[in-house]
Amino acid sequence: MPDAVRVRFAPSPTGLLHIGGLRTALYNYLLARQTGGAFVLRIEDTDRSRYVPEAEQDILAGLAWAGLALDEGPTQGGDAGPYRQSERRDLYADAARLLVEGGHAYVAFDTADEIEAMKARRRTDANPTPGYDASTRGEMANSLTLPADDVAARLADGAEHVVRLRVPEDQTITFTDRVRGEVSFDTATVDDQVLVKSDGMPTYHLANVVDDHAMGITDVIRGEEWLSSVPKHLLMYRALGWTPPRLAHLPLILSPTGGKLSKRSADRLGIPVSVAQYREAGFEPEAVVNFLALLGWNPGTDQELFTLPELAEAFDVERIGTSGAQFSLDKLEWFNGQHLRRLSSEEIADRARQSVETAVGPVPDDALVTAAELMHERLTKASDLAQATYLFQDPEAYDPAGVKKRWKDDSAALVRAYADRVEALETFDIETTEAAMRELAEAEDAGFGRIVHPVRLAVTGTTVGAGLFETLVAVGQDASVARMRRAADRLG
RNA sequence: GCCGCGUUCAUCUAGGGGUCUAGGAUGCCACCCUUUCACGGUGGUCACACGGGUUCAAAUCCCGUACGCGGUACCA
């Protein structure tokens, strides 16, 4: 029986939670739920220059919105805390010391200028980006080249320094990625990564390895951008005598035009990129989650519609795809409509309330639910309900194209005649209003369509919407009659 | 440039030597349903990047090329 699965989502609080980040979080969450393991949130705030104070709150809000409940994290705690890297510095310092003492890392004093000078010196057409590595570390100022007492003196002096990983020269690091299979790197292509920055903070690489080990993380699921740093991480695990977690690197989410889905490209294409934007755009979390889950993973069956628990059951790391997936707003909207249709009218009313009230002011509960019932099958987003303003107030205008198409010479007279019949109805419901119209059509020897379309226009101001008689009932007897007469007067 | 990863309809994808004249979904088009618009239903449109090999047989395996993406930071 293997150890219980522990996974983490480890975002850096440098901005709003990105949609790609949410997918990474989702896959981790799914694995945790499916195995009965733990889903941990760790805030990787080791870069002071890029730190955004509101980001952590946004990450928390985004995960909560999507329904990805945390088992451990900075706000609810857990046995493996603290969950912010800025609060775990001692751990990193200890690990760095161990690495240096074991000869797997070293202290370096080079300034940025000196490193740049080395690179300039080494730069050739064949090698435009020389690294700080086994081939160059010998000519730099570090504890490998300087006499021990000099190093000690500098350190005692408080000289600025970093700790670098001492990457061996000629090794091949091979590992198994659960998505990609066997991957290998030659250490000659890996440079001596800075592990501790001159401000004393660890870089991602050190902190990540230390924390994944300290927190008992068994499975790392993260973006493909980390694949090439795996050898560095593995070298550290080996040097520290720790067992590395299982690894799975996710293909990236691409913009609809194929490039990287960056803030900038997304803005240009008019697609949201942060989770907060999806929420504001009126997408349902269930739909976003479903869409994201299928962007790079598939269940191997024809099922496309999933709830979060269904996803947790069907999820399988081995079925994650290998190639980048382009984001498609069309498909997301389809998922949104599908998930909307699975909600009750009460739930839709709830989710549409804000947009509706922004459009027409306060609306009573029952009116909102009635409206939701009527428009249920027609909504792509709950907020679309706000477009049917006629369900809540008299139409202010009549769609010109609709008038042109549907309002004929006899329309005013027919609408007035129908208004009279509706007004006289003792029972006002779908059956009686429809019967009244059929009778009128017969009496006037006018086609049903000659009446129904103008009446819709008169009552709603548009040519589209739910069934007319259902709409009439929702609007109410008096209001319907009044609207018909007013339209007959106005449109002539 | 170098290193790594990838490449099936416009898009998300199934498939992993014969069952593939390549399946599903979105999009688009048409038709049906229908008082409108949707929903739903039916049908259509549309793909194995290219070139070599291996094999009786390749979308599937191997090699190369092209293209794309990632990395090449004291950012994550």
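In what follows, chains are A, B, ... by sequence order, proteins preceding strands, each numbered from 1.
- For A:Thr187 (side chain) and A:Pro168 (main-chain N/O), a donor-acceptor pair under 3.5 Å exists by modelled atom type.
- Nucleic acid contact for A:Ala10: none, since no nucleic acid atom lies under 4.0 Å from a heavy atom of the residue.
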Name every donor-acceptor pair, under 3.5 Å, that has one atom in a side chain of residues 202-209 of chain A and the other anywhere in the protein, sequence neighbours excluded.
from, atom 1, to, atom 2, distance (Å)
A:Thr203, OG1, A:Val194, O, 2.8
A:Thr203, OG1, A:Leu195, O, 3.4
A:Tyr204, OH, A:Asn208, ND2, 3.1
A:Tyr204, OH, A:Arg222, NH2, 3.1
A:His205, ND1, A:His233, NE2, 2.9
A:Asn208, OD1, A:Arg8, NH2, 3.4
A:Asn208, OD1, A:Arg222, NH2, 3.4
A:Asn208, ND2, A:Glu44, OE2, 3.4

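- For the P atoms, the distance linking B:A47 with B:C67 amounts to 24 Å, nearest Å.
- Taken from CG in A:Leu254 to OG in A:Ser328, the straight-line distance is 13.0 Å, to the nearest 0.5 Å.
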Verdict with supporting geometry, A:Phe306 and A:Phe335, ring pair (Phe, Tyr, Trp, His ring centres under 6.0 Å): CA-CA 10 Å; A:Phe306 289 89; A:Phe335 274 114; 9.0 Å; no
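- Proximity note for A:Val162 (side chain, C-beta onward) versus B:U35, B:C3, B:C74: the nearest is B:C74.
- B:A14 and B:A25 have their P atoms separated by 15 Å, with the value rounded to a whole Å.
- Nucleotides B:G1 and B:A10 place their C1' atoms 34 Å apart, quoted to the nearest Å.
- Using a 4.0 Å heavy-atom cutoff across all strands shown, A:Thr380 reaches no nucleic acid atom at all.
- Between the C1' atom of B:U36 and the CZ atom of A:Phe469 lies a distance of 12 Å, rounded to the nearest Å.
- In this structure, B:A73 forms no base pair with any nucleotide, since neither Watson-Crick nor G-U wobble geometry is met with both distances under 3.5 Å.
- Residues that satisfy the ring pair (Phe, Tyr, Trp, His ring centres under 6.0 Å) test with A:Tyr83, not counting sequence neighbours, are absent from this structure.
- Protein atom CD1 of A:Ile320 is 15 Å distant from nucleotide atom C1' of B:G6, rounded to whole Å.
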Pair A:Arg122-A:Glu116, salt bridge (Lys or Arg N to Asp or Glu O under 4.0 Å): steps then yes or no: CA-CA 10 Å; A:Arg122 290 280 191 150; A:Glu116 191 36 56; over 6 Å; no
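- Of the candidate nucleotides B:A76, B:G6, B:G15, B:A76 has the atom lying nearest to any side-chain atom of A:Asp47.
- Of the residues A:Val52, A:Leu60, A:Asp58, the one that meets the side chain to side chain contact (heavy atoms under 4.5 Å, CB included) test with A:Glu56 is A:Leu60.
- B:A59 and B:G18: their C1' atoms are spaced 13 Å apart (whole Å).
- With a 6.0 Å radius and a threshold of 12 heavy atoms from other residues, nucleotides or ligands, A:Glu114 has its CD atom above the threshold.
- Of the residues in residues 447-465 of chain A, those placing a heavy atom less than 4.0 Å from an atom of RNA chain B are A:Phe448, A:Val452, A:His453, A:Arg456, A:Thr463, A:Val464, A:Gly465, in numerical order.
- Distance check on atom C1': B:A22 versus B:C63 gives 25 Å, rounded to whole Å.
- Distance OH (A:Tyr204) to P (B:C74): 16 Å, rounded to an integer number of Å.
- Listed by chain and number, the residues in a salt bridge (Lys or Arg N to Asp or Glu O under 4.0 Å) with A:Asp94 are A:Arg97 (sequence neighbours excluded).
- The nearest pair of heavy atoms linking A:Tyr27 to A:Ile320 is CD2-CD1, 4.0 Å.
- Between A:Met118 atom CE and B:A73 atom P the separation is 10 Å, expressed in whole Å.
- For A:Ser49, the side-chain hydrogen bond (donor to acceptor under 3.5 Å, both in side chains) partners are A:Asp47, not counting sequence neighbours.
- Applying the ring pair (Phe, Tyr, Trp, His ring centres under 6.0 Å) rule to A:Tyr92 yields no partners; only residues at least two apart in sequence or on another chain are considered.
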Set out, line by line, the N/O atom pairs under 3.5 Å between protein and nucleotides 23-32 of chain B.
from, atom 1, to, atom 2, distance (Å)
B:A25, O4', A:Glu304, OE2, 2.5
B:A25, O2', A:Glu304, OE2, 2.6
B:A25, O2', A:Lys331, NZ, 3.3
B:A25, N3, A:Lys331, NZ, 3.0
B:U26, OP1, A:Trp334, NE1, 3.4

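- A straight line from NE2 of A:His18 to P of B:A76 spans 18 Å, rounded to a whole angstrom.
- Both distances falling under 3.5 Å, in either a Watson-Crick or a G-U wobble arrangement, place B:U45 opposite B:G27.
- Nucleotides B:U60 and B:A49 have their C1' atoms positioned 16 Å apart, rounded to a whole Å.
- Taking only distance into account, the side chain of A:Arg378 meets the base of B:C37 through a donor-acceptor pair shorter than 3.5 Å.
- Nucleotide B:A66 is matched to B:U7 when pairs are restricted to Watson-Crick or G-U wobble geometry with both distances under 3.5 angstrom.
- Heavy atoms of A:Asp192 sit nowhere under 4.0 angstrom from any nucleic acid atom.
- No contact: A:Arg123 has no heavy atom under 4.0 Å from any strand.
- Partners of A:Phe283 according to the ring pair (Phe, Tyr, Trp, His ring centres under 6.0 Å) rule, which considers only residues two or more places apart in sequence or in another chain, are A:Tyr278.
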Kindly give the atom pairs (protein nitrogen or oxygen, nucleotide nitrogen or oxygen) under 3.5 Å for nucleotides 67-72 of chain B.
from, atom 1, to, atom 2, distance (Å)
B:G71, O4', A:Ser228, OG, 3.3

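- Annotation: B:A38 and B:C29 have their P atoms spaced 10 Å apart (nearest Å).
- To the nearest angstrom, C1' of B:U7 lies 13 Å from CZ of A:Arg180.
- Within residues 290-298 of chain A, the residues that place at least one heavy atom under 4.0 Å from RNA chain B are, in residue-number order, A:Leu294, A:Leu295, A:Gly296, A:Asn298.
- Between A:Ile59 atom CD1 and B:A76 atom P there is a gap of 14 Å when expressed in whole angstrom units.
- A:Thr46 comes within contact range of the sugar-phosphate backbone alone, with a heavy-atom separation under 4.0 Å but no base atom that close.
- As the counterpart of B:U35, no nucleotide is assigned, since no Watson-Crick or G-U wobble pattern has both distances under 3.5 Å.
- Between the C1' atom of B:C12 and the CD atom of A:Glu333 lies a distance of 15 Å, rounded to the nearest Å.
- For B:G15 and B:A76, the P atoms lie 38 Å apart once the distance is rounded to whole Å.
- Residues satisfying the side-chain hydrogen bond (donor to acceptor under 3.5 Å, both in side chains) criterion with A:Arg89, sequence neighbours excluded, are absent altogether.
- In terms of the side-chain hydrogen bond (donor to acceptor under 3.5 Å, both in side chains) criterion, A:Glu373 has no residue partners (sequence neighbours excluded).
- Pair assignment for B:G16: none, as no Watson-Crick or G-U wobble contacts are both less than 3.5 Å.
- Remark: the A:Ser198 side chain and the B:C74 base include a donor-acceptor N/O pair separated by less than 3.5 Å.
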